[in-house]
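First the structure, in the form of structure tokens, and then the observations on it.
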Amino acid sequence: MSATPPNADTTIEQIESLFVSRGSAWYGGEAVSQLEHALQAATFAEAEAAGPVLIVAALLHDVGHLMHELPENAAHNGVDDRHELLGATWLNEYFGMPVAEPVKMHVAAKRYLCAIDATYRMRLSPASQLSLQIQGGPMATKEATHFEEQPFFREAVRLRGWDDEAKIVGAETPTLDHFLTHVRRALLELNR
Ligand SMILES: [Fe+2]
């Protein structure tokens with residue numbers, strides 16, 4: 001982590017440039033692009049009256065996918081790209097833990113929800129069910145209890161719900177510019 005966080009303009013430019021250069025990539029195994037998936041997740045967050053910080057976490061929860069060079073169908077080849085860790089490391093530098101931690105935990109949140117809700121797994125998309133296997137499968141009871149004790153547990157579970165829904169072909173959403181205003185608000189709120 002750098003001693004001085006980048007200023008808001010630099011952060012917003014970085015985010016914009018990642019989506020411009022990589023946002024049209026297929027969202028692994030789903031029928032929407034990375035940008036559509038991100039905008040839909042952020043739209044669900046906004047609709048549920050989440051604050052700017054969590055809206056930004058929703059928008060950027062898969063930013064790690066825009067950073068690695070693995071193919072979009074890595075899960076089909078049995079490869080866990082660990083995108084949540086890559087993304088969280090980057091986000092921690094720009095926003096700190098309130099954005100980085102829910103993002104880091106959003107894959108674990110799927111494993112958690114599979115453990116506590118028998119119907120959740122059946123509602124997952126086929127691609128998400130496939131990646132579940134290489135991500136470690138449903139949590140054991142002890143692991144699920146430990147997960148519930150983590151500081152950003154609730155945020156991670158909310159984020160997971162938006163992630164799961166954000167795969168609707170042709171859904172109308174606000175633009176990236178709209179959500180970049182939330183990025184600025186979140187940075188102000190987080191004093192970065
Ligand atoms: Fe996602």
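Each ligand, and each atom within it, is numbered from 1 in the order the structure gives. We're numbering straight along the sequence, starting at 1. Just so it is clear, the structure is predicted and the values come from calculations on it, not from any experiment.
- Among the backbone and side-chain atoms of His61, an N, O or S atom lies under 2.8 Å from the Fe ion (ligand 1).
- Residues Arg158 and Glu155 are not paired through a salt bridge, judged by the lack of any N-O separation under 4.0 Å between the basic side chain and the carboxylate.
- Within 6.0 Å of the CD atom in Glu172, the count of heavy atoms belonging to other residues, nucleotides or ligands does not exceed 12.
- The minimum distance between the Fe ion (ligand 1) and any N, O or S atom of Asp62 involves atom OD2.
- Contact annotation: His37 places an N, O or S atom under 2.8 Å from the Fe ion (ligand 1).
- As for Asp163, its N/O/S atom nearest the Fe ion (ligand 1) is the one called OD1.
- In this structure, His37 and Tyr27 have parallel ring planes: the angle between them is below the 30° cut-off, well short of the 60° mark.
- Not a single donor-acceptor pair under 3.5 Å links the side chain of Gln34 to the backbone N or O of Phe19.
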